[in-house]
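Structure first, then comments.
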Amino acid sequence: MRYSSSTLLLLSLASILSVCSSNAKNMLPSEVETLFKIMDSISSDEKWRISYPNPCNPGSTWLGVECKLGQDNHLHVSRLDFGTHPNPTCKNTATFPYQIFDLPHLESVFFFRCFTQTITTLSAPANRGAAFFDSSLQQLSLRSNPALVGPIPPQISLLKSLKILTLSQNHLSGHIPPGIFSLNSLLHLDLSYNMFTGPVPIQLGNLKNLQDLDLSYNSLTGPIPGTIGRLGMLQKLDLSSNSFVGTIPYSIEKLTFLTFMALSNNKLRGNVPKGILKLQSLQYFIMDDNPMYIPLPAEFGKLVKLQELRLANSCYSGMIPPSFSLLVNLSTLSLQNNRLTGKIPEGFSSLSRIYHLNLSGNLLGGVVPFNASFMKRLGRNLDLSGNPGLCLSTSEAYNNVKIGSGVSVCGPGSLIKKSQAAAHGLSKLLFLFAALVFM
């Protein structure tokens with residue numbers, strides 16, 4: 001069959017366009033080489049260069065590597081996942097590959113239980129400022145890497161597209177660099193379970209879009225910065241298990257979207273801001289183990305969405321506010337090991353959603369105001385022990401209800417014992433008085 005010259009020209013052009021289109025969708029050679037360097041330094045699962053010479057091409061993609069077609073019509077690495085099967089696992093000699101910052105289209109990178117044997121640092125390439133400014137990285141996650149040590153490099157503040165920064169459960173140390181708080185796109189910041197020290201920089205308030213902040217389980221000191229009140233979009237705040245001092249800042253009342261706040265195991269003390277009642281979205285308030293030395297704030301009783309309220313081991317005194325009975329959504333109330341006095345509010349018996357109630361180790365007294373069905377529903381999750389003045393009504397005792405140890409049955413026997421104890425105490429006072437008179 002013979003073709004006309006015009007037909008041959010069209011066939012030739014179609015062939016050229018087909019080849020160009022096919023080549024255009026390949027990765028750039030420089031990017032392929034960077035990816036191979038990263039894989040060779042991290043994982044020995046495969047002979048990557050031999051097994052997958054075209055890592056982004058259809059039919060040749062790797063688990064743990066995702067690619068996207070860019071506006072330049074080339075395929076680019078957009079996501080890397082290392083550490084656990086089915087993603088590439090990390091060899092014992094793996095160290096942090098700073099070459100990830102040379103992948104300009106990389107959006108997400110994850111290292112989970114990757115750096116476990118060989119000591120490594122969160123390094124950044126020297127003299128690469130422009131590359132950092134051009135970075136597309138939106139999510140950087142390094143979790144559970146016990147061999148990852150040292151400080152956070154200041155260059156991390158140049159990753160202006162970063163939305164999620166997770167550096168949890170490593171062995172990072174030093175001060176938190178103030179530059180992190182210039183990352184205005186950040187939505188999630190998790191630096192928990194490391195060894196960071198020093199105060200939290202006041203620049204924290206610059207993260208106007210932040211929704212989650214977790215700095216728990218470090219060795220941070222100083223007061224909680226008042227600038228925290230500028231984080232108007234914040235929903236979760238965890239500062240527990242540090243060494244923060246002073247009081248809860250008054251600006252906390254501005255965090256009206258907050259649903260979770262944990263301040264346990266610090267050195268906070270003094271009055272809780274009355275403005276805390278403005279946090280009407282709050283569902284979890286956890287503040288055990290702080291030397292507060294104040295009466296229980298009645299304002300907590302106005303946080304009607306609270307599901308968990310934990311204030312144990314914090315030297316609270318006085319009576320349990322009756323307003324706590326208004327917390328109809330409460331499932332957990334922990335007030336153990338304080339200095340609380342008076343009676344248990346009768347309204348507690350109407351808290352239909354509560355399943356864990358611990359009032360042990362206080363100075364509460366009177367008749368326990370719970371009926372048999374309430375106590376059976378909670379079972380072992382009800383602890384009233386360590387309150388010598390509490391007693392259980394005989395009617396409930398006859399229903400064979402068992403509650404926290406140390407709660408006796410109300411009745412003549414218990415009254416006689418209390419009278420004997422009172423008489424014994426009085427005789428001691430009279431003896432001391434007589435001794436003073438005859439001295």
Side-chain angles (χ1 to χ4, degrees), residues 138-141 159-168 176 178 180-193 199-218 220 223-242 244 246-266 268 271-288 290 297-311 323-324 326-334 353:
Q138 297 180 29
Q139 182 165 3
L140 175 60
S141 178
L159 299 173
K160 298 300 183 184
S161 298
L162 209 58
K163 294 182 178 179
I164 299 174
L165 178 59
T166 302
L167 303 176
S168 179
I176 300 174
I180 279 187
F181 304 115
S182 67
L183 297 173
N184 297 324
S185 297
L186 268 187
L187 302 175
H188 175 94
L189 177 60
D190 184 355
L191 306 181
S192 62
Y193 290 90
V200 176
I202 60 173
Q203 290 89 342
L204 169 67
N206 294 336
L207 300 179
K208 302 293 176 62
N209 296 306
L210 198 67
Q211 297 176 10
D212 300 307
L213 175 63
D214 192 344
L215 304 180
S216 62
Y217 290 89
N218 282 287
L220 299 170
I224 300 172
T227 53
I228 199 169
R230 299 179 189 170
L231 307 180
M233 303 301 294
L234 201 64
Q235 298 175 27
K236 176 189 174 183
L237 173 64
D238 194 344
L239 303 179
S240 56
S241 295
N242 282 284
F244 290 115
T247 59
I248 300 174
Y250 287 98
S251 60
I252 207 86
E253 67 180 38
K254 298 178 181 178
L255 305 181
T256 54
F257 290 109
L258 209 59
T259 61
F260 178 98
M261 178 159 52
L263 305 174
S264 294
N265 196 24
N266 280 288
L268 300 170
N271 292 326
V272 174
K274 292 188 180 299
I276 201 167
L277 59 82
K278 296 180 181 179
L279 305 183
Q280 289 299 309
S281 297
L282 199 62
Q283 299 175 31
Y284 302 87
F285 186 81
I286 303 170
M287 198 178 171
D288 304 310
N290 283 280
E299 286 77 15
F300 287 129
K302 299 179 181 179
L303 300 176
V304 294
K305 291 187 178 179
L306 272 183
Q307 297 179 32
E308 289 194 19
L309 179 59
R310 299 179 182 268
L311 303 172
S323 61
F324 280 30
L326 303 176
L327 298 174
V328 294
N329 292 301
L330 207 61
S331 61
T332 297
L333 178 61
S334 298
R353 297 187 180 181

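Note: hydrogens, waters and symmetry copies are ignored here, and every other heavy atom, side chains too, is used.
- For F181, there are no ring pair (Phe, Tyr, Trp, His ring centres under 6.0 Å) partners at least two apart in sequence or on another chain.
- Qualifying side chain to side chain contact (heavy atoms under 4.5 Å, CB included) partners for I164, counting only residues two or more places apart in sequence or in other chains: Q139, T166, H188.
- The OG1 atom of T256 lies 10.5 Å from the CG atom of L234; values are rounded to the nearest 0.5 Å.
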Next on the checklist: For a side-chain contact (heavy atoms from CB on, under 4.5 Å) check, start with the C-alpha distance between M261 and L279, then their side-chain angles and the critical distance, and finish with the verdict.
Outcome noted: CA-CA 10 Å; M261 178 159 52; L279 305 183; 4.1 Å; yes

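- Nearest approach of P273 to I252, heavy atoms of both residues: CG-CG2, 4.5 Å.
- Residues meeting the side chain to side chain contact (heavy atoms under 4.5 Å, CB included) test with E299, sequence neighbours left out: K274, I276, L277, P297.
- The closest donor-acceptor contact from the side chain of N242 to the backbone of N218 lies under 3.5 Å.
- To the nearest 0.5 angstrom, F285 atom CZ is 8.5 Å from L303 atom CG.
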Checklist entry - Step by step, would you call V200 with F244 a side-chain contact (heavy atoms from CB on, under 4.5 Å)? => result CA-CA 10 Å; V200 176; F244 290 115; 3.8 Å; yes

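- By the 4.5 Å heavy-atom criterion applied to side chains, V304 and V328 are not counted as neighbours.
- P249 places a side-chain heavy atom less than 4.5 Å from the side chain of I228.
- Between Q307 and Y284, some side-chain heavy-atom pair lies under the 4.5 Å cut-off.
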Item to check | Chi angles and distances behind the side-chain contact (heavy atoms from CB on, under 4.5 Å) call for I176, L204 | outcome: CA-CA 10 Å; I176 300 174; L204 169 67; over 6 Å; no

Item to check | Evaluation steps, side-chain contact (heavy atoms from CB on, under 4.5 Å), between K254 and L231 | outcome: CA-CA 8 Å; K254 298 178 181 178; L231 307 180; over 6 Å; no

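- Rounding to the nearest 0.5 Å gives a distance of 12.0 Å between CG of L330 and CZ of F300.
- The backbone N or O of N266 sits less than 3.5 Å from a side-chain atom of N290, completing a donor-acceptor pair.
- With contacts defined as side-chain heavy-atom distances shorter than 4.5 Å, the pair D212/D190 does not qualify.
- Remark: the backbone N or O of A298 is paired with a side-chain donor or acceptor of S323 at under 3.5 angstrom.
- Using a 4.5 Å cut-off on side-chain heavy atoms (C-beta onward), L306 and N329 make no contact.
- Side-chain atoms of T259 come within 3.5 Å of backbone N or O of Q235 as a donor-acceptor pair.
- For the atom pair L282 CG and L255 CG, the distance stands at 10.0 Å (nearest 0.5 Å).
- In this structure, the separation between CG on N265 and CE on M287 is 11.5 Å, given to the nearest 0.5 Å.
- With values rounded to the nearest 0.5 angstrom, L167 atom CG is found 11.5 Å from D214 atom CG.
- The two residues S331 and E308 have their closest heavy-atom pair at OG-CG, 4.1 Å.
- Counting only heavy atoms from C-beta outward, the side chains of L268 and I224 approach each other to under 4.5 Å.
- Checking side-chain atoms of T227 against main-chain N and O of I202 turns up a donor-acceptor pair under 3.5 Å.
- In this structure Y193 satisfies the ring pair (Phe, Tyr, Trp, His ring centres under 6.0 Å) test together with Y217, sequence neighbours excluded.
- Of all heavy-atom pairs spanning P201 and P225, the tightest one is O-CG, 4.4 Å.
- The backbone N or O of D288 sits less than 3.5 Å from a side-chain atom of S264, completing a donor-acceptor pair.
- Here S182 pairs with S157, K160 under the side chain to side chain contact (heavy atoms under 4.5 Å, CB included) rule; sequence neighbours left out.
- Looking only at atom types and distance, the side chain of S216 has no donor-acceptor partner in the side chain of S241 under 3.5 Å away.
- Residues satisfying the side chain to side chain donor-acceptor pair (under 3.5 Å) criterion with K302, sequence neighbours excluded, are absent altogether.
- With N184 contributing its side chain and K208 its backbone, the two residues share no donor-acceptor pair below 3.5 Å.
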